[in-house]
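The structure appears below as structure tokens.
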Amino acid sequence: MSTETEAQGGGAPKLKLGALTALVVGSMIGGGIFSLPQNMAAGAGAGAIIIGWAITFLGMLTLAFAFQMLANRKPEVEGGVYGYARAGFGDYMGFNSAWGYWISAWIGNVSYFVVMFSALGFWFHAFGDGNTPTAIICASVVLWALHFLVLRGVHGAAFINTITTIAKLVPLALFIVLVVFAFKIDTFNLDFWGNPKLGSIVDQVKSTMLVTVWVFIGIEGASMFSGRAEKMSDVGKATVVGFLLTIALLVAVSVLALGVMTQPELAALKNPSTAYVLEKAIGPWGANIMNAGLVISVGGALLAWTLLAAEAPYLAGKDGVMPRIFGTTNANGSPAASLWLTNGLIQLFLVITLFSSAGYLALLSLATSMILIPYLLCSVYSFMVAQRGEGYQAGEGKGRDLSIAGIASVYGVWLIYAAGVKYLFLSMVLYAPGLLFYLWAKKEHGEKPFKGAEAALAAIIVVLGAIATYELITGQLSL
């Protein structure tokens, strides 16, 4: 019999380094990598793509190091992007970080279901583009199978995620090996800096950055489960190892493809473009390999993000900034109430895709941008920790950490800029309703909801949300 508690399920097993690393890799590598050759080549030549990856490597490496530094210097702070935002900027900003992360996660899961059944449509035409009635029924079955799997315990689900993460790496590794043999340096060097139609090198690099904004979402996977980790030091290690493995795969897939097909050919491909690249390299069965790999990869990412999506409201509820019910777990240590709410909303949006795929895709773009604010808050908090010397031994230098946190903070601002300031404004439409949940939680605990300037910030978010909603309704602004 399952009982609800506010603990983590008593003696629930802790997550080790391998499971934490798999959560990082599993959440970052989903369907995006399978479309990367076309996505990158659409706006840039080989030279600009390499420069774009170099900038991304520096920026995301500093963000990974910032998470590692926080795990080591502030081991008492649990909950990753939520916990760090709350520790650095108070309950209300912590709540908004959890709220934005949660919305981004569960709407992103809807897209994973659509993409997975779209890939299955390669063999089974009834699935179409992933939003046919047959596809939605089958996606719903998978959704609730994952739901009950996670209800049986986070540790067991994390173990299965480790297996699926290994499984998804196999087709990607195979793609890289086979493409290396088909690689032609003359093809790679052709229009190395892009043809004039693509614009200047700066414009091309910027176009690649707009793609790389999204492919690293999930780098915080280990830190979100820091409270369930066997050792806090493993959280930082998992983040860095997961990042290095992922960027190696991303760069290899996108750059090596330019030695098999020219930039214009890649730009004209349908997605998943890796299927057509491998088809060019080894024949028709190459497309079958990559479509199968996409299904496996997205399936694994779905499990990772089901865990991550449910964890955010649970952590916030446990700390009293979300309603108390979301901070409870069942006898298996699974955040049951949070999981039911999250997957219930995913089910609703799966049904919505049947009637309005365009509206859903617009909302997805908006929701995905919401995760960038939590990233920025974490980067700035890491700078604050280093500047104050919190968690440092007497005489221990902090110059390296200050430099890393400073670069990560600048990169966090860049990510928001690259995604579009318009989306930052429009995201207030989704942030504003969260205030009701925050006030509900504070009332339950008999606490004043705001301290200092938090009331003014809440008012600004609500006003901006109202203005953005009005402009959307009247057509003055569009997604």
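Keep in mind the model is a prediction, meaning the values are calculated, not measured.
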Open item on the list: Could you check whether D91 pairs with K451 (Lys NZ or Arg NE/NH1/NH2 to Asp/Glu carboxylate O, under 4.0 Å)?
Closed with: no

[X] [atom1] to [Y] [atom2] distance, which is reported to the nearest 0.5 Å:
X    : Y    : atom1 : atom2 : value
I416 : L372 : CD1   : CG    : 6.0 Å
M28  : T246 : CE    : OG1   : 3.5 Å
I289 : L294 : CD1   : CG    : 14.0 Å
L426 : M370 : CG    : CE    : 11.0 Å
T469 : M428 : OG1   : CE    : 11.5 Å
I373 : S97  : CD1   : OG    : 9.0 Å

Below 4.5 Å, heavy atoms only, C-beta onward: do [X] and [Y] meet side chain to side chain?
X    : Y    : answer
L464 : Y431 : no
L23  : L307 : yes
M384 : V380 : yes
H147 : T306 : no
E444 : P323 : yes
S273 : L36  : no
Q38  : T274 : no
T239 : F243 : no

- [ ] Name the orientation class of the two ring planes belonging to W340 and W144 (parallel below 30°, tilted from 30 to 60°, perpendicular beyond 60°).
- [x] tilted

- [ ] Anything under 30° is parallel, anything over 60° is perpendicular, the rest tilted; go ahead and classify F326 against F437.
- [x]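 The arrangement is tilted - the two ring planes meet at 30° to 60°.
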
- [ ] Check salt bridge (Lys or Arg N to Asp or Glu O under 4.0 Å) between E390 and all other residues, then give those that pass, not counting sequence neighbours.
- [x]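 If we apply the salt bridge (Lys or Arg N to Asp or Glu O under 4.0 Å) test to E390, skipping adjacent residues, the hits are K74, R388.
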
TODO: Start with the C-alpha distance between I29 and L172, add both sets of side-chain angles, then the distance that settles side chain to side chain contact (heavy atoms under 4.5 Å, CB included), and finish with yes or no.
DONE: CA-CA 10 Å; I29 296 182; L172 291 171; 3.9 Å; yes

Grab the two heavy atoms, one from [X] and one from [Y], that are nearest each other, plus how far apart they are.
X    : Y    : result
F95  : G434 : CZ-O, 2.9 Å
A257 : V179 : N-CG1, 4.3 Å
C138 : F117 : CB-CE2, 3.4 Å
E311 : P335 : OE1-CG, 4.3 Å
S233 : N72  : CA-OD1, 4.0 Å
Y314 : T328 : CD1-O, 4.0 Å

Pair up each side-chain donor or acceptor in residues 57-67 with any protein partner under 3.5 Å, not counting sequence neighbours, and list the distances.
residue	atom	partner	partner atom	Å
T62	OG1	L58	O	3.4
T62	OG1	G59	O	2.6

Open item on the list: Please determine whether side chain to side chain contact (heavy atoms under 4.5 Å, CB included) holds for the pair F113 and T353, giving the CA-CA distance in whole Å, both sets of side-chain angles, and the decisive distance to 0.1 Å.
Closed with: CA-CA 11 Å; F113 279 111; T353 61; over 6 Å; no

Ignoring hydrogens and geometry, is there a side-chain-to-backbone donor-acceptor pair from [X] to [Y] under 3.5 Å?
X    : Y    : answer
S379 : Y375 : yes
S409 : A405 : yes
S334 : V150 : yes
Q347 : G344 : no
S254 : V251 : yes
D234 : K237 : no
K168 : S297 : yes
S403 : G399 : yes

TODO: Apply ring-ring contact (aromatic ring centres under 6.0 Å, His included) to Y92 and list each qualifying residue two or more places apart in sequence or on a separate chain.
DONE: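 With neighbours one apart ignored, the set is Y438, F450.
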
Task: Heavy-atom neighbours of K16 NZ exceed 12 at 6.0 Å - done: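 Not buried by this count: 12 neighbours or fewer within 6.0 Å.
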
TODO: Answer yes or no for R73 and Y392: cation-pi contact, defined as NZ/CZ to six-membered ring centre under 6.0 Å and angle to ring axis within 45°.
DONE: yes

Open item on the list: Checking W106 against L341 for the side chain to side chain contact (heavy atoms under 4.5 Å, CB included) test, could you report, in this order, the C-alpha distance in whole Å, the side-chain angles of both residues, the deciding distance, and whether it holds?
Closed with: CA-CA 10 Å; W106 69 257; L341 175 65; over 6 Å; no

Open item on the list: Testing the 3.5 Å rule here: is there a donor-acceptor pair between the side chains of T342 and W102?
Closed with: yes

- [ ] Begin from the C-alpha positions of N332 and L151 and carry the test side chain to side chain contact (heavy atoms under 4.5 Å, CB included) through to its verdict.
- [x] CA-CA 7 Å; N332 298 317; L151 278 181; 5.9 Å; no

